[in-house]
Structures are given as C-alpha cells and as structure tokens.
2 protein chains.
Amino acid sequence: MEPEILELESFLPYRLYRLADAVSREFSRIYKDSHGLTRPEWRTLSGLGQRGTMTATELGEQSAMHKTKVSRAVAELERRRWLTRTPDENDRRVEHLTLTKAGLAAYREMVPLAKAFEQALLAKLGADERAAIVKGVLSLEIALGTRQRLSPGECKTVAAKG
Amino acid sequence: MEPEILELESFLPYRLYRLADAVSREFSRIYKDSHGLTRPEWRTLSGLGQRGTMTATELGEQSAMHKTKVSRAVAELERRRWLTRTPDENDRRVEHLTLTKAGLAAYREMVPLAKAFEQALLAKLGADERAAIVKGVLSLEIALGTRQRLSPGECKTVAAKG
DNA sequence: TTCTGATGGTTACAAATGAAACGAGTTTGG
DNA sequence: CCAAACTCGTTTCATTTGTAACCATCAGAA
C-alpha cells in the first residue's frame, strides 16, 4: 500500500493560518506604522473604543487575548496616557479601563482606516466570493464555539441556516 | 456627525486571525503532544515528507516560513536525526535536505492524524458551508496573491470561476 | 582577473509570547 | 470567625519570534 502524503498547500489549517497571517500583517501597518502599536495594544484600544469601559478580564474575553497580553498592552497604553484605570468600588481587585481624550482621538483616527482596509480586501472578491468567505468563517466559528456574539448583519445568515 | 466605531467581533481580519489561531492551536496537539514539535518543525517535516528533498529556501517558500524559522527547524530535526543535509555539487551554499528513516516514520505516523483532523473539522459543517469556506479561502488567497499552486481538486473550482 | 552585487544559510540581539508562580482581594463552608 | 479555594491582575522566566548583521559562495561586469 502506497504511503499517504499530505499536501500542505491544500491543508485547511495551514491555509487558514497563512491567510490570516498575511491579512494581519498587512493590516498591522495601519496601527504599527502610524503609532507603533503592537497587535495586543491595537486590540485593547479597539475594544475600549468600541465599548467605552471594560475591565482587563473583559478585554481579554472580547479580544481573545491571554491575560498577560492584556496586562502588558494596558500598561503600555497607560504609559502613553491613552487610557486610565479606575478602581472598582465594590471589588478592589478590579480596575475599570477607559480611553483618555488622546486615546479616543487615536481610536477615531484609525477606525476609518480599518474599515477601509476591510472594504478594500472584500472589494477584491466577487459578490459570491464575499458571501462565501463570510458564510464559511461564520460556520467555522460556530462549529468551533469561538463565536462571540452576533452582529446585526449576521443574524439573518444564521437564522437562514436553521 | 456621530463618531464611527469598529465592531471588533465582526471585523474580518480579526475573525480570520482568531479562527486560524484556534484551529492551529487545536491542530498543534497532534505534533506537539506526541513528539514535542514546534509549528516550524512540523511544517519542515511535512514539506520534506511531501516533496522528498528540498533546500532550505524552497522549504521556506513552500511552507511560508521566514528563513530563520526554517534554519532553526532544520537544525532541530537534524539534531533528532530526522533529516540529513547533502551539499549541492554545483553550488556549495546550498544543502539538500532529506528525511531519514526515523523522520519518514514520524511523518507517516502523523499524516493520517492530520487528515483525520481536517476531516473532523469539515465534518462539523454542512455541505454548503464546507463549499463556502473552501471557496472563500481560495478566493482570498488569489486576491492576496498568496496562492501557491493548484491542487487537483481545486482546479475545477478555479476554472468554474472564469 | 577583480570588483560589485546578489544569494543561501546561520547567528546575534532585541522584542513578543506563554506558562506558571505570585500578591492582593474576595467568596465559601465549617 | 477563620481557613481554604477562587478570582483579578501582575510579574518572572524560559521559549519563540523577527530584524539585521553576518559569512561564505556565486554570478556578472569591467
């Protein structure tokens, strides 16, 4: 019996990783070149900009980061005076994190760039291909249980699934 | 005008990265738990198992790894006596890498596990969802120019695209 | 030939990462 | 009340990674 070989270039885990890596590397220029942020720092900024105030634990859940990454990213953004910590009144272990004016300004500056990046990426695809990647990614998220929460636009897709 | 916010959970670069990370982490148990391989080492093993003999540069291209990763992975696999280096006769900078019997044995042991992993992953999806993720990933690879080479099964898909 | 620049691959150093231990605070159960 | 167990977040340490410098070799041009 002929020994099996694995074609790496067709292997989905590899392809997914390579794709995500390429996209992420490209996107990182937006926050790295302009402000010297790392990915954890960008995600922290983005999370707080989006939600307003969060604890470090919540940030970790929302942005899928290990707590040490959160801790270090928060420390760096605090050093830049882009966020402040407010002790929780009931539980002194907890700190509520909020962007400062400077942090919010940086966030608001980057949001349009991020959206434009995503649009440009999707614009390279045909309509059916866009639909395919969105549907495929969503279905894998659900299958793996890494789904976080449904965005308005996706509810229809999920509903249509049933 | 209301300031724009970015919904991280719906942002494609983030979702792709998180998904790939989850899949890759899960898959890494196959080569990490059983043989203590790192991802670069696994890719090196996989590349050589698939192609038989390659140079470090070729390995880097095939498996999308930086040359320092390749260099270190090759050094480790050589230390394990899983591969050997053969100097090129015409160009003394080049070494041809080949798996030893032990390396090949490890490769052949892991290939079915890898394939089973991929099958199990896809089995969690419906037929249309499987088609969607394959089509979506392929179209993004093409759009980004990270495509490496067409596997037999994909030729139809690409051809049908035109 | 000899100079220049490109290439294959390794190494050195700094930065990013993850696992585990940690201190401080809180909750639970006796 | 008190001790064990748990949680929040930080820090320590070892490993992994990327950038850049590096050595050796090769190819091309003067």
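First the proteins, then the strands, lettered A, B, ... as listed; each starts at 1.
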With sequence neighbours excluded, tell me which residues meet side-chain contact (heavy atoms from CB on, under 4.5 Å) with [X].
| X | value |
| --- | --- |
| S71(B) | none |
| R93(B) | D91(B) |
| K67(B) | none |
| E78(A) | L83(A), R85(A) |

Polar contact flag, side-chain donor to acceptor under 3.5 angstrom, Q50(A)-E7(B): no
Just by distance, do the side chain of Y107(B) and the backbone of L6(A) share a donor-acceptor pair under 3.5 Å? yes
Please identify which of these residues, L97(A), V74(A), L104(A), meets the side chain to side chain contact (heavy atoms under 4.5 Å, CB included) condition with L48(A). L97(A)
So, with a heavy-atom separation below 4.0 Å from DNA chain D, the residues of residues 82-97 of chain B are N90(B), D91(B), R92(B), R93(B)
For nucleotides 15-19 of chain C, list the nitrogen or oxygen atoms of the protein found under 3.5 Å from its nitrogen or oxygen atoms, one pair per line.
residue, atom, partner, partner atom, Å
dG18(C), OP1, R25(B), NH2, 3.2
dG18(C), OP2, K69(A), NZ, 3.3
dG18(C), N7, R72(A), NH2, 3.1
dG18(C), O6, R72(A), NH1, 3.4
dG18(C), O6, R72(A), NH2, 3.2

Counting only non-hydrogen atoms, which of residues 53-61 of chain B are less than 4.0 Å from DNA chain C? T55(B), A56(B), T57(B)
Nearest whole Å is fine: how far is dT10(C) P from M65(B) CE? 12 Å
Sorted by chain and number, sequence neighbours left out, ring pair (Phe, Tyr, Trp, His ring centres under 6.0 Å) with H35(A) holds for W82(A)
With sequence neighbours left out, the residues meeting ring pair (Phe, Tyr, Trp, His ring centres under 6.0 Å) with Y17(B) are none
Applying ring-ring contact (aromatic ring centres under 6.0 Å, His included), which residue pairs with at least one partner in residues 44-74 of chain B are found, sequence neighbours left out? none
N/O donor to acceptor pairs below 3.5 angstrom from side-chain atoms of residues 114-123 of chain B, sequence neighbours left out:
residue, atom, partner, partner atom, Å
K115(B), NZ, E4(A), OE2, 3.3
K115(B), NZ, I5(A), O, 3.0
E118(B), OE2, L12(A), N, 2.9

Rounded to the nearest 0.5 Å, the OG1 atom of T100(A) sits from the CZ atom of R81(A) at a distance of 9.5 Å
For chain A and DNA chain D, what are the first and last nucleotides along the strand, 5' to 3', with at least one atom under 4.0 angstrom from a heavy atom of the protein chain? dT7(D) to dG18(D)
